[in-house]
Structure formats: C-alpha cells, structure tokens
There are 2 protein chains.
Amino acid sequence: MRKKNQEKKENIKQAVIKLILEAGFHGASIAKIAREAGVSPATVYIYYASKDDMLREIYEEYADQVYFYILGKIDQNMSGRSLIDTLVRSYYRYINEEERVFHFVEQFSSCPSLSANCRETEGCFRIFQFFDDLKEKGILKDIDNVIVHSILFNTVKCIRLRYEGEQDKTQAALEQLIELLVETLLL
Amino acid sequence: MRKKNQEKKENIKQAVIKLILEAGFHGASIAKIAREAGVSPATVYIYYASKDDMLREIYEEYADQVYFYILGKIDQNMSGRSLIDTLVRSYYRYINEEERVFHFVEQFSSCPSLSANCRETEGCFRIFQFFDDLKEKGILKDIDNVIVHSILFNTVKCIRLRYEGEQDKTQAALEQLIELLVETLLL
DNA sequence: TTCTATAATAAATAAGCATTCACTTATAGT
DNA sequence: ACTATAAGTGAATGCTTATTTATTATAGAA
C-alpha cells in the first residue's frame with residue numbers, strides 16, 4: 001500500500017496561500033495551484049475532496065495560528081504593561097513573518113459565503129479565556145472581550161497596513177498604542 | 001440620440017452588491033448579475049467597459065459613503081462626549097442600514113489584488129482631517145489618526161459582527177465602548 | 001520476486017465564464 | 001413622419017473552470 005506524500009500536500013497548501021495573496025480567490029484556480037505546487041490537477045483531488053473543501057481545510061489550519069503564536073510569547077509572571085507590550089508587538093511580528101498566511105486568513109474570513117461554513121476558531125476562544133484570567137487576577141479592567149480583542153489587534157493590523165514598510169512611523173504608532181492601551185485596559 | 005437608462009445602471013449596481021454579499025466574488029458572474037438586474041449580459045457592457053471596471057467603479061462609489069454618512073451627523077457645537085457617542089452610534093447604524101454595501105466594500109478592500117488598483121478614498125481623508133480639527137480645538141488627544149480611526153470604527157464593526165442580532169449585548173457593548181473612548185481619546 | 005493497493009498523472013468532459021457580434025428597438029432631433 | 005444614433009438583446013465565441021476517467025508508476029506486504 002503506497003503512502004501519501006505529505007510534502008506534496010504541503011506544496012499545495014503553500015501554492016494556495018501564495019496565489020491567493022497575489023491574485024485573490026478568483027486568480028487561484030486548481031490548474032494554477034497545481035502548476036505552482038508542481039503536481040497534476042488530479043493530484044489535488046487525492047488530498048482534498050473538492051476545491052471548497054481544500055480552502056476550508058487550509059483556512060481552519062491557519063486561522064488560529066496567530067493566537068497560538070501570541071500566547072506562546074506570554075509569560076505567567078509578566079506585569080500588565082509588559083503583557084500589553086508583548087501582545088501588541090508579537091501580533092505585529094506575526095503579520096510581518098507570516099504575511100501570506102495572514103492575508104489569506106483575512107481575505108477568507110471577510111467573505112461571508114466562505115467563512116459561514118467554518119467552525120468557530122479555537123484560538124480566539126483561548127485568547128478570550130486568557131483575557132478572562134487577567135480580569136480575575138485584577139490586571140485587566142472588566143471590559144467586553146470583543147472590545148479588548150479589537151482595540152488590541154485590529155489596531156495593530158491597521159498600523160501595519162497603513163504604514164507598510166515605514167519603520168519609523170510604524171514603531172512610533174506601536175509605542176503610542178501601547179501607552180494608550182496601558183492606560184485604558186489595565187486596572 | 002437615445003439616452004442611457006440610469007435605472008438599468010442602478011439595477012446592475014444593486015445586483016452586484018446583492019450577489020457578492022450572498023455568494024462572494026466568485027459567485028457573481030456577469031450572467032447572474034444581468035439576470036438579477038433584469039437585463040441582458042451584453043447590456044452590462046454598455047454601462048461598463050469590463051467586469052473589473054464595473055467592480056472598481058462601484059467600489060469607489062460606495063467606499064466613502066460611510067464616512068460622509070457619519071460626518072453628516074456631526075454638529076460643530078457638540079461636546080467631546082456627544083461627538084464620540086455620535087461617531088460610534090452612527091457608524092453602527094450605517095452598518096445596519098446599508099448591510100449589503102458595507103459587506104461589499106469590506107470584501108473588496110480586503111482583497112489585495114482588487115483594491116490595489118483603486119484610488120485613495122476621499123472619505124477617509126475627510127475623517128482624518130476632522131480628527132485633526134478636533135485636536136486643534138483641544139478636544140481630542142494628540143493620537144495617531146490611524147489609531148483613533150481603528151479603535152473607533154473597527155471595534156464597532158467587531159461588535160456588530162460578533163453580536164449580530166443580539167440587541168442587549170450589542171447595546172451594552174456600544175455603551176461600554178463609548179465610556180472607554182471618552183476616557184481614552186478626549187483631553 | 002510478485003502481487004496489490006493506491007499515488008500520480010495526462011487527457012477528456014461538461015459546465016460556466018467574460019466578452020463580442022449581428023441584429024432589433026426605441027428615441028431625440030429634424 | 002423620417003432618419004440617425006445609440007440602447008438593448010439573444011446567441012455565438014473562445015477560453016477557463018472544477019472534476020472525472022483511464023492509465024501508469026510506485027511502494028509496501030507476501
């Protein structure tokens with residue numbers, strides 16, 4: 001019994017993410033994905049039941065990644081300030097390091113017709129749980145997790161998108177954001 | 001010389017926005033758009049040079065609308081608190097009232113391959129100018145406009161998406177957000 | 001080594017796509 | 001009422017799409 005070649009599957013995933021970043025969803029056909037991954041179009045169907053299935057599976061694999069990345073940088077003994085500093089800066093670092101994945105996930109989740117059929121993300125649940133812990137410890141103010149999540153991460157995302165490449169402006173904005181969040185979110 | 005029927009063009013626009021909300025970009029073909037609008041596929045090409053042109057033109061028409069809507073609700077004599085209250089609540093009302101348009105614009109602008117070719121939005125420029133005015137008047141703290149913009153509007157968007165339909169939770173979150181922003185943004 | 005299950009593929013298929021074309025219809029100006 | 005002009009259309013075009021099929025190559029078990 002011959003085994004599936006996991007390297008081929010990985011190549012397919014990376015091809016999907018690359019092509020969708022470069023040309024959007026309508027620019028990522030099975031034929032192009034297969035060519036980019038160095039396999040035959042039919043091979044894609046050995047690893048995935050359909051194109052929709054493929055996109056959903058890849059999305060679900062990567063959607064949470066950013067949150068696990070961030071939580072991995074957090075230390076239990078950190079002060080409130082360094083927690084916020086770490087959350088903001090590691091989110092920013094993730095966007096830079098995993099630009100393709102980040103854009104793929106963003107694009108996918110902003111399309112109602114695609115993300116409607118996806119399971120709720122585990123990573124987001126974990127982050128909310130983390131916020132709840134901080135509230136119990138008396139570090140974080142009792143603010144709705146949706147609000148905390150948005151002013152923390154969406155703002156970093158906007159800074160990154162707006163000041164793309166402009167190191168000075170980006171760093172200044174991140175520092176200002178951290179100061180602002182320290183005053184706003186911490187007890 | 002026969003004139004173009006602007007009602008037909010309007011029908012086409014609405015069909016595009018409706019279909020893209022329901023089925024995403026890949027679900028909005030010229031054939032479907034034409035059927036939805038009650039015209040022939042060929043008629044679309046009387047009003048637009050190509051499909052890409054059409055999408056771009058519709059995007060550029062609506063991308064700014066939310067900002068003009070909000071600025072229209074603002075009064076020169078408003079206090080800092082009622083400014084924030086108005087900004088937050090009118091943004092929320094816009095998403096509710098113009099749900100289709102809002103999702104179309106969101107989806108379009110999160111696709112790099114589409115929005116890359118679009119002109120910078122006038123509406124966003126106007127809002128930034130408005131923030132600058134408030135800073136000069138000593139109402140708003142001297143915070144980067146990208147940050148102000150994001151914590152104001154992205155947070156409202158997240159609340160709306162997360163608590164879709166749940167009136168109580170939504171209202172509570174909006175009120176909490178307004179309190180938080182009053183303390184954070186105002187001098 | 002042989003057999004077998006399945007990975008892998010090139011080519012075929014059928015549907016859908018954006019766009020064009022040949023043609024009809026409506027209308028504004030004369 | 002007539003004519004020129006452009007709106008409007010159904011059908012055709014040629015291409016791309018996701019997916020299937022028939023076939024071959026390969027790896028593990030016997």
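Residue numbering restarts at 1 for every chain, and letters A, B, ... go by the order of the sequence lines. Because the structure is a prediction, the values reported are computed rather than measured.
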task = Among D/dG8, C/dA18, C/dT9, find the nucleotide with the atom closest to the side chain of A/V39.
result = C/dT9

task = May I ask you to say what A/Y48 touches in the nucleic acid, namely base, sugar-phosphate or nothing, with a heavy-atom cut-off under 4.0 Å?
result = nothing

query = What's the CG-P distance between A/D53 and D/dA18, to the nearest Å?
reply = 14 Å

task = Could you tell me the separation between the CZ atom of A/R35 and the P atom of C/dT9, rounded to a whole number of Å?
result = 14 Å

message = Heavy atoms from C-beta onward define the side chain here; which of D/dT9, C/dT9, D/dA18 lies closest to that of A/T43?
response = C/dT9

query = Looking at C/dA7, C/dT20, C/dA8, which one has an atom nearest to any side-chain atom of B/A42?
reply = C/dT20

ask   = Is there a donor N/O on one and an acceptor N/O on the other, under 3.5 Å, for the side chain of B/S40 and the base of D/dG10?
value = yes

task = Identify whether any heavy atom of A/S29 sits under 4.0 Å from a base atom; if not, whether one sits that close to sugar-phosphate; answer base, sugar-phosphate or nothing.
result = sugar-phosphate

Salt bridge flag under 4.0 Å for residues B/D85 and B/R81 = no

request  = Answer yes or no: is there an ion pair linking B/E57 with B/K9, defined by an N-O contact shorter than 4.0 Å?
outcome  = yes

ask   = Over how many whole Å does the gap from A/Y47 atom OH to C/dA7 atom C1' extend?
value = 7 Å

task = Respond yes when some side-chain nitrogen or oxygen of B/K8 is under 4.0 Å from OP1 or OP2 of D/dG8, and no when none is.
result = yes

note = Against the side chain of A/Y45, the closest entry in D/dT20, D/dT17, C/dT19 is D/dT20

Distance, rounded to the nearest Å, where B/L55 contributes CG and C/dT19 contributes P = 10 Å

query = Rounded to whole angstroms, how far apart are CG on A/N11 and P on C/dA8?
reply = 11 Å

remark   = Whole-Å distance, A/L19 CG to D/dA18 P, equals 11 Å

query = Any side-chain donor paired with an acceptor under 3.5 Å for A/K141 and B/Q176?
reply = no

Rounded distance in Å - CG (A/D52) to P (D/dT17) = 16 Å

query = So does A/K51 get a side-chain nitrogen or oxygen closer than 4.0 Å to the phosphate oxygens (OP1/OP2) of D/dA18?
reply = yes

Side-chain donor-acceptor pair present, B/E10, B/Q6, cut-off under 3.5 Å = no

ask   = Considering only D/dT9, C/dT9, C/dA18, which nucleotide approaches the side chain of B/I46 most closely?
value = D/dT9

Distance-only donor-acceptor check, side chains B/Y69 and B/E97, under 3.5 Å = yes

key: Nearest-nucleotide 5' precedence on DNA chain C, B/P41 against A/N5   = A/N5

message = Can you measure B/I30 atom CD1 to D/dC15 atom P for me and round it to whole angstrom units?
response = 19 Å

